[in-house]
*Asks:* 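Below: one structure in structure tokens.
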Amino acid sequence: MAQRTVLVLLFDGVQSLDVTGPVEVFAGAEKHTPGTYRLCTASLDGVPVRTSSGLTVVPDVALADAPEPHTLLVPGGQGTRRADPRLTDWLRRHGPRAARLVSVCTGAVLLAGAGLLDGRRATTHWAHCDALARDHPAVEVDPEPIYVRDGHVATSAGVTSGIDLALALVEEDLGRRAALTVARHLVVFLRRPGNQAQFSAQLAAQTARREPLREVQQWITEHPDADLSVEALAARAALSPRHFARAFHAETGTTPGRYVDRVRLEHARRLLEDTTDGVEEVSRASGYGTPEAMRRAFVRTLGTSPAEYRRRFRPAHAPT
């Protein structure tokens, strides 16, 4: 198997975890299967850089002396807001030569600035998706997933999602066993699919200010298989259905129906990942009622069936 050179760009203000997370994944894969990855870090002039948290990182080489990369990894961080024009110019000239372009967090901003995301679907940290879409209208920005693959270009959301993406790339290169070994060594799960939302339903929605609405949110989370119609939830909050729906949306930023949909989907995903329950049992426990209703929800949101989701994302060491 040919060795793949992974070149990691460094610059002042880089987010340290955007660098070290993926680097640890590829380094672990190299230990598992020697000769598969060559890691190299590079800054513009080969000088040490100071990360956004104050750590100093010493690069291996200057960009001018960097080896031709198979995988070019561009991390994010505060430094992307005031990137040196020479870095953008280097990316514009050398980025297209890489077999695989990868960004973590706001590293997507640097790729977009170099024109390398034009006409592609991409993501970045949720807090910067609107700005990326506004400043680069040729990029199709998707704020939901933790990472996005579009051809040879892969972009990921904030910080730790870079580890998820790196594990997915290792699995693509070396197979699931190697990726699982690395994941276990790093004490992370090899089961976060790229289309998993950056937030859970509870984090994506705001917490309601009024206690009755907060209690309804908690009730939904704890009872996904209950009657969660607007009428039933309104009764729990002692409000009329119309008043409840309006107040829920105003205080959480989403409708009751959408909130229920996300909670049920997350509950079903956890059961498929962590238990041996059959699809019919999971559908009932998650409030879908029938396997077909759950299948439609999975295909609509995740682009895959419950059975395929379980096959793909259930840990290999889970009981059968």
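Starting from 1, each residue takes its place in the sequence as its number.
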*Asks:* Going by atom types only, do Ser286 and His267 share a side-chain donor-acceptor pair under 3.5 Å?
*Replies:* yes
*Asks:* Tell me, do Thr36 and Gln3 make a side-chain contact under 4.5 Å, heavy atoms counted?
*Replies:* no
*Asks:* Considering residues, nucleotides and ligands other than His185, do more than 12 of their heavy atoms fall under 6.0 Å from its NE2?
*Replies:* no
*Asks:* Would you please name every residue forming a salt bridge (Lys or Arg N to Asp or Glu O under 4.0 Å) with Glu68, sequence neighbours left out?
*Replies:* none
*Asks:* Could you tell me if Thr51 and Ser16 have a donor-acceptor pair between their side chains, going purely by distance under 3.5 Å?
*Replies:* no
*Asks:* Got a sec: does the CG of Asp130 have more than 12 other heavy atoms crowding it under 6.0 Å?
*Replies:* no
*Asks:* Just to verify, which of Ser103, Ser156, Pro22 counts as forming a side-chain contact (heavy atoms from CB on, under 4.5 Å) with Leu165?
*Replies:* Ser156
*Asks:* For the CZ atom on Arg246, are there more than 12 heavy atoms of other groups (residues, nucleotides or ligands in this structure) within a distance under 6.0 Å?
*Replies:* yes
*Asks:* Any donor-acceptor pair under 3.5 Å linking the side-chain atoms of Thr254 with those of Thr252?
*Replies:* no
*Asks:* Apply the test salt bridge (Lys or Arg N to Asp or Glu O under 4.0 Å) to residues Arg300 and Asp261: give CA-CA distance (whole Å), side-chain angles for both, the deciding distance (0.1 Å), then the verdict.
*Replies:* CA-CA 11 Å; Arg300 181 176 62 251; Asp261 287 345; 5.1 Å; no
*Asks:* Decide yes or no on salt bridge (Lys or Arg N to Asp or Glu O under 4.0 Å) for Glu308 and Arg311, but give the supporting numbers first.
*Replies:* CA-CA 5 Å; Glu308 176 61 18; Arg311 186 198 69 77; 2.8 Å; yes
*Asks:* List the steps, then state whether salt bridge (Lys or Arg N to Asp or Glu O under 4.0 Å) holds for Glu292 with Arg295.
*Replies:* CA-CA 5 Å; Glu292 177 58 25; Arg295 189 193 70 80; 3.1 Å; yes
*Asks:* So with a 6.0 Å cut-off around CZ of Arg97, is the heavy-atom count from everything else above 12?
*Replies:* yes
*Asks:* Just by modelled atom types, is the Gln78 backbone N or O under 3.5 Å from a matching donor or acceptor in the Gln15 side chain?
*Replies:* no
*Asks:* Arg50 and Asp12: salt bridge (Lys or Arg N to Asp or Glu O under 4.0 Å), yes or no, with the steps?
*Replies:* CA-CA 5 Å; Arg50 190 171 179 82; Asp12 282 328; over 6 Å; no
*Asks:* Measure the shortest side-chain to side-chain distance between Phe244 and Val216 over non-hydrogen atoms and say whether it is less than 4.5 angstrom.
*Replies:* yes
*Asks:* Side-chain donor-acceptor pair under 3.5 Å between Tyr309 and Arg269, yes or no?
*Replies:* yes
*Asks:* Donor-acceptor pairs under 3.5 Å, side chain of residues 82-89 to any protein atom, not counting sequence neighbours: which ones?
*Replies:*
residue	atom	partner	partner atom	Å
Asp84	OD1	Arg86	N	2.8
Asp84	OD1	Arg86	NE	3.3
Asp84	OD2	Arg86	NE	3.4
Asp84	OD2	Arg86	NH2	3.2
Arg86	NH1	Asp45	OD1	3.2
Arg86	NH2	Asp45	OD2	3.3
Asp89	OD2	Arg93	NE	3.0
Asp89	OD2	Arg93	NH2	3.4

*Asks:* So, Tyr288 and Asp225: side-chain donor and acceptor under 3.5 Å apart, yes or no?
*Replies:* no
*Asks:* Can a side-chain donor-acceptor contact be found between Asp60 and Thr41 if the only test is distance below 3.5 angstrom?
*Replies:* yes
